[in-house]
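In what follows, chains carry the letters A, B, and so on, assigned in the order in which the sequence lines appear, proteins first and then strands, with residues in each chain numbered from 1.
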Amino acid sequence: MEYLESLNEPQREGVINTEGPCMIIAGAGSGKTRVLTFRIAHLMHSNGVDPFNIMALTFTNKAAKEMKERIEKVVGSDARNLWMGTFHSVFLRILRREADLLGYPSSFSVYDTDDSKTLLRQIIKELQLDDKVYKPNVVFNRISGAKNKLISWQEYVNNPQIRADDELAMRPRMGELYKTYSDRCFKASAMDFDDLLFNTNVLFRDHPEVLHKYQHRFRYILVDEYQDTNYSQYLITKKLAAVHQNICVVGDDAQSIYAFRGADIRNILNFEKDYPDLKVIRLEQNYRSTKVIVNAANSVIANNKAQLKKEVWTANDEGELIELLRANSDNEEARLVATSIFEQKLNHQIKNNEIAVLYRTNSQSRAIEEALRRSNIKYKIIGGLSFYQRKEIKDLLSYLRFVINQNDEQALRRIINLPKRGIGQGTIDKIVVAADQHQVSLWDVVSNVMRYLNGRITNTVDQFATMIKSFMAVVKKKDAYEAASYIAKHSGLLRELYEDKTIEGLNRYENVQELLNAIKEFVDNKEIEDKSLDTFLQEVALITSVDEDTDDDEEKVTLMTIHMAKGLEFKVVYLVGMEEDLFPSQMMLTSREDLEEERRLFYVAITRAKQKLFLSYANTRYRFGHLKSCEPSRFLDEVDPSCIKVNKKVSQPVEMPRQTSHYAKSLVSGMKKESKPAQNNMYTHKPSPDFAPSDTSNLKEGMRVEHPKFGFGKVVAMDVGGASRKAKVMFDNFGEKTLLLSFAKLKIHST
DNA sequence: GCGTAACCTGTTTTT
DNA sequence: CAGGTTACGC
């Protein structure tokens with residue numbers, strides 16, 4: 001096998017140890033994808049395994065596609081028969097096939113996060129609950145969290161611990177919301193993202209014969225990015241692998257950054273317990289980055305307690321030192337980055353597409369964009385609002401969805417008055433009431449409106465129903481493209497957009513055309529047999545922004561969040577906004593685990609760089625409309641100082657905020673970092689490990705409170721200016737701070 | 001039912 | 001500050 005020649009020893013082990021459970025701990029840049037690719041190729045090529053018997057789960061559809069292409073290069077077109085994709089897409093496929101066992105039609109809809117939250121907003125309103133207490137976001141996260149831990153609504157309402165938690169959080173009716181939400185989704189023949197995994201578990205639990213079928217079919221199971229799987233995903237793979245035990249997980253605990261989405265790092269930390277004869281392989285040699293970058297990353301991650309033992313090293317050159325750019329404002333930071341990029345291109349012949357600017361939050365992209373535009377540097381932004389989340393796209397998709405699945409309530413509500421046809425909130429309410437009274441679906445009422453309602457609007461509603469019925473007929477006869485363009489034209493959506501001559505309207509029109517083009521491409525694809533609209537919708541449900549094709553032929557600097565950068569690499573990386581409260585994010589500072597996840601995020605950012613890393617921070621930044629002073633991030637202190645060079649080119653003296661971190665102080669005084677951290681700074685206050693923020697609705701002047709970062713303090717004033725609820729607190733060590741109460745996490749200690 | 005204007009509120013990451 | 005929501009007048 002000539003491909004084995006190009007691998008180092010542990011990599012080869014990872015490729016040829018195909019039988020039995022196997023865990024590959026792959027440090028950043030250690031050639032993980034290569035090993036995975038070759039492992040699959042080896043299975044097929046040398047061991048003669050039918051690709052039909054292999055399931056490979058990846059983190060994004062894009063990763064799956066790329067890996068498939070790479071495997072194809074080694075073993076040929078056989079690779080197409082591999083089951084490869086994200087957990088969501090692979091099990092969506094299985095669920096469609098087995099849907100009737102769960103009481104769903106196989107054409108069920110998939111609700112995205114938007115649909116879910118809209119539905120929750122409706123339910124909260126219907127139950128007459130206060131949406132300030134039951135914030136759709138909070139409720140959604142709570143339900144999502146439960147589902148990811150495989151807690152059904154029945155178990156949820158019957159669990160005294162959970163009930164106590166909800167009551168403590170002043171949200172006693174959460175279980176009811178969970179139940180209603182589940183009911184409504186089921187009635188709408190819809191599953192949300194979490195349901196796809198949850199219901200797969202239900203399917204395997206309640207239908208042993210189905211589980212059995214897939215257990216025997218998938219003799220080899222591979223899971224990439226295992227550190228980012230949640231309990232639900234963990235159990236699916238465990239069950240599927242139970243018979244053959246040929247499970248191979250690949251991951252890096254140091255790069256687990258999705259706990260907020262339910263990822264459980266313990267899945268990888270405890271993997272050994274499930275499979276006592278587990279073969280553990282460590283890929284510790286980094287082929288990607290310079291020594292400086294590897295050392296810096298190691299020095300940072302060493303601060304985390306929860307991690308698997310591993311030592312990443314590299315035989316690469318020492319490389320250039322990391323540069324620290326200091327700016328007085330976010331705009332100046334952006335200018336410094338732009339200037340530096342210009343210099344890199346000029347002096348080191350670096351191309352645009354070898355450069356990335358990474359940030360913690362999407363909102364930080366603005367300043368950078370502006371500066372790059374002014375410097376005539378081409379750039380592209382990855383992430384943010386995805387194509388499939390745009391209003392006009394969701395509008396047309398809702399039409400298509402509804403024509404396929406008339407139970408889809410969210411889709412119906414979206415399109416019934418779009419474009420405006422005089423069916424307003426009042427009419428919709430009447431329809432809902434009628435449907436409820438007669439115990440029929442909304443579509444039953446709409447399609448037989450004369451039977452259930454009377455009055456002026458029945459005519460309009462009836463016209464709408466007739467239109468939908470005609471669409472349903474078209475879909476039966478035509479392929480996806482013809483059906484979709486017919487619907488786009490005859491629904492009036494295209495006309496409305498066409499008549500909008502503003503630049504935005506033009507854009508939207510083009511976007512819809514683009515969607516139609518995508519459908520055309522789907523129809524023209526020779527590999528797909530079934531060209532119905534139905535099939536297209538199934539494919540499209542799980543497409544996300546990462547998967548979208550970006551015009552790579554053009555040379556552009558890449559701008560994205562650190563999360564999006566996982567799995568990518570660039571010669572030169574700029575990590576901007578290295579400020580306390582921003583990175584680590586102030587929302588993540590309540591527990592040690594949270595801080596460790598932020599630190600892993602920092603680790604991911606550093607290790608994206610192959611040759612050169614720039615870190616930057618600003619002393620002031622616009623945050624929610626106001627200019628705020630910022631302090632350098634504590635993370636800067638954690639980077640091995642011998643890896644950093646402070647950029648001397650900053651002309652203006654750096655104005656320091658009142659509370660400066662140790663690192664900032666050492667910069668001012670020109671001291672080396674060996675000196676002790678200053679007393680009374682943020683490191684000295686450690687919130688108790690069980691720091692649970694109190695409910696602050698009764699917060700009053702004079703109360704003594706604890707803040708996870710600023711420590712203890714006393715409330716000196718309430719409701720200071722502005723519309724939002726704010727409190728002014730005098731902290732023992734940090735002076736006076738004004739905190740936004742909806743946002744700040746405070747623990748009340750005494751009155 | 002619809003459009004406008006005043007008003008409110010919030011800030012993380014995304015399959 | 002900006003985007004979303006509500007209230008009100010037509």
- Presence of A:Ser363 side-chain N/O under 4.0 Å of B:dT12 phosphate oxygens OP1/OP2: no

- Message: I'd like to know if A:Arg360 reaches the base of B:dT13 with its side chain such that a donor and an acceptor end up less than 3.5 angstrom apart.
- Response: yes

- Of A:Thr427 and A:Leu601, whose closest DNA chain B nucleotide lies nearer the 5' terminus? A:Thr427

- Query: With distance as the sole criterion, is a donor-acceptor pair present between the side chains of A:Arg413 and A:Gln122 under 3.5 Å?
  - Reply: yes

- Message: Check the orientation of A:Tyr258 and A:Phe260. Use parallel for under 30°, tilted for 30 to 60°, and perpendicular for over 60°.
- Response: tilted

- Query: For the rings on A:Tyr359 and A:Phe583, is their centre-to-centre separation under 6.0 Å?
  - Reply: no

- Task: Between B:dT15, B:dT13, B:dC2, spot the one nearest the side chain of A:His563, thanks.
- Result: B:dT13

- To the nearest angstrom, how far is A:Asn141 atom CG from B:dT13 atom P? 13 Å

- Just checking A:Tyr258: base, sugar-phosphate only, or nothing, at a heavy-atom cut-off of under 4.0 Å? sugar-phosphate

- hbond_proxy A:His88 side chain to B:dT15 base (donor-acceptor, 3.5 Å cutoff): yes

- Query: Phosphate oxygens OP1/OP2 of B:dT14: is one of them under 4.0 Å from a side-chain N or O of A:Lys566?
  - Reply: no

- Between CZ of A:Phe91 and P of B:dT15 the distance, given in whole Å, is 18 Å

- Rounding to a whole Å, what distance do you find between A:Asn137:CG and B:dT13:P? 12 Å

- Message: Tell me whether A:Asn267 contacts the main-chain N or O of A:Thr229 through its side chain, where contact means a donor paired with an acceptor under 3.5 Å.
- Response: yes

- Query: Between A:Asn148 and B:dT15, is there a side-chain N or O to OP1/OP2 distance below 4.0 Å?
  - Reply: no

- Nearest-Å distance once atom C1' is located in both B:dT12 and C:dT5: 23 Å

- Task: Ignoring the backbone of A:Thr561, work out which of B:dC2, B:dT13, B:dG1 is nearest its side chain.
- Result: B:dT13

- For the rings on A:Phe271 and A:Tyr226, is their centre-to-centre separation under 6.0 Å? yes

- Item | Cation-pi check, A:Lys394 onto A:Tyr388 ring (under 6.0 Å, within 45° of axis) | no

- Sidechain N-carboxylate O distance under 4.0 Å for A:Lys149, A:Asp264: no

- Message: What contact category does A:Asp228 fall into here, base, sugar-phosphate, or nothing, at under 4.0 angstrom with non-hydrogen atoms?
- Response: nothing

- Rounded to whole angstroms, how far apart are CG on A:Leu595 and C1' on B:dT12? 15 Å

- Would you say A:Arg373 has more than 12 foreign heavy atoms packed within less than 6.0 Å of its CZ? yes

Check nucleotides 3-10 of chain C for protein N or O atoms closer than 3.5 Å to its own N or O atoms and list the pairs.
none

- Query: Counting any heavy atom closer than 4.0 Å, what does A:Thr113 reach on the DNA or RNA strands: base, sugar-phosphate only, or nothing?
  - Reply: base

- Task: Could you say whether A:Asp194 or A:Gly422 is positioned toward the 5' end of DNA chain B, judged by the nucleotide with the nearest heavy atom to each?
- Result: A:Gly422

- Query: Can you tell me how far P in C:dG4 sits from the matching atom in B:dT13, rounded to whole Å?
  - Reply: 15 Å

- Item | Separation of atom CD in A:Glu597 from atom P in B:dT14, rounded to whole Å | 12 Å

- Query: Is the centre of the A:Tyr178 ring less than 6.0 Å from the centre of the A:Tyr181 ring?
  - Reply: no

- In whole angstroms, the gap separating P of B:dT13 from CD1 of A:Ile257 amounts to 13 Å

- Query: Closer than 4.0 Å, any side-chain N/O of A:Asn362 to the OP1 or OP2 of B:dT13?
  - Reply: yes

- Query: Once you round it to whole Å, what is the distance between C1' of B:dT12 and NZ of A:Lys135?
  - Reply: 15 Å

- Task: Grab the NZ-P distance between A:Lys62 and B:dT14 for me, whole Å please.
- Result: 14 Å

- Query: Just checking A:Phe87: base, sugar-phosphate only, or nothing, at a heavy-atom cut-off of under 4.0 Å?
  - Reply: nothing

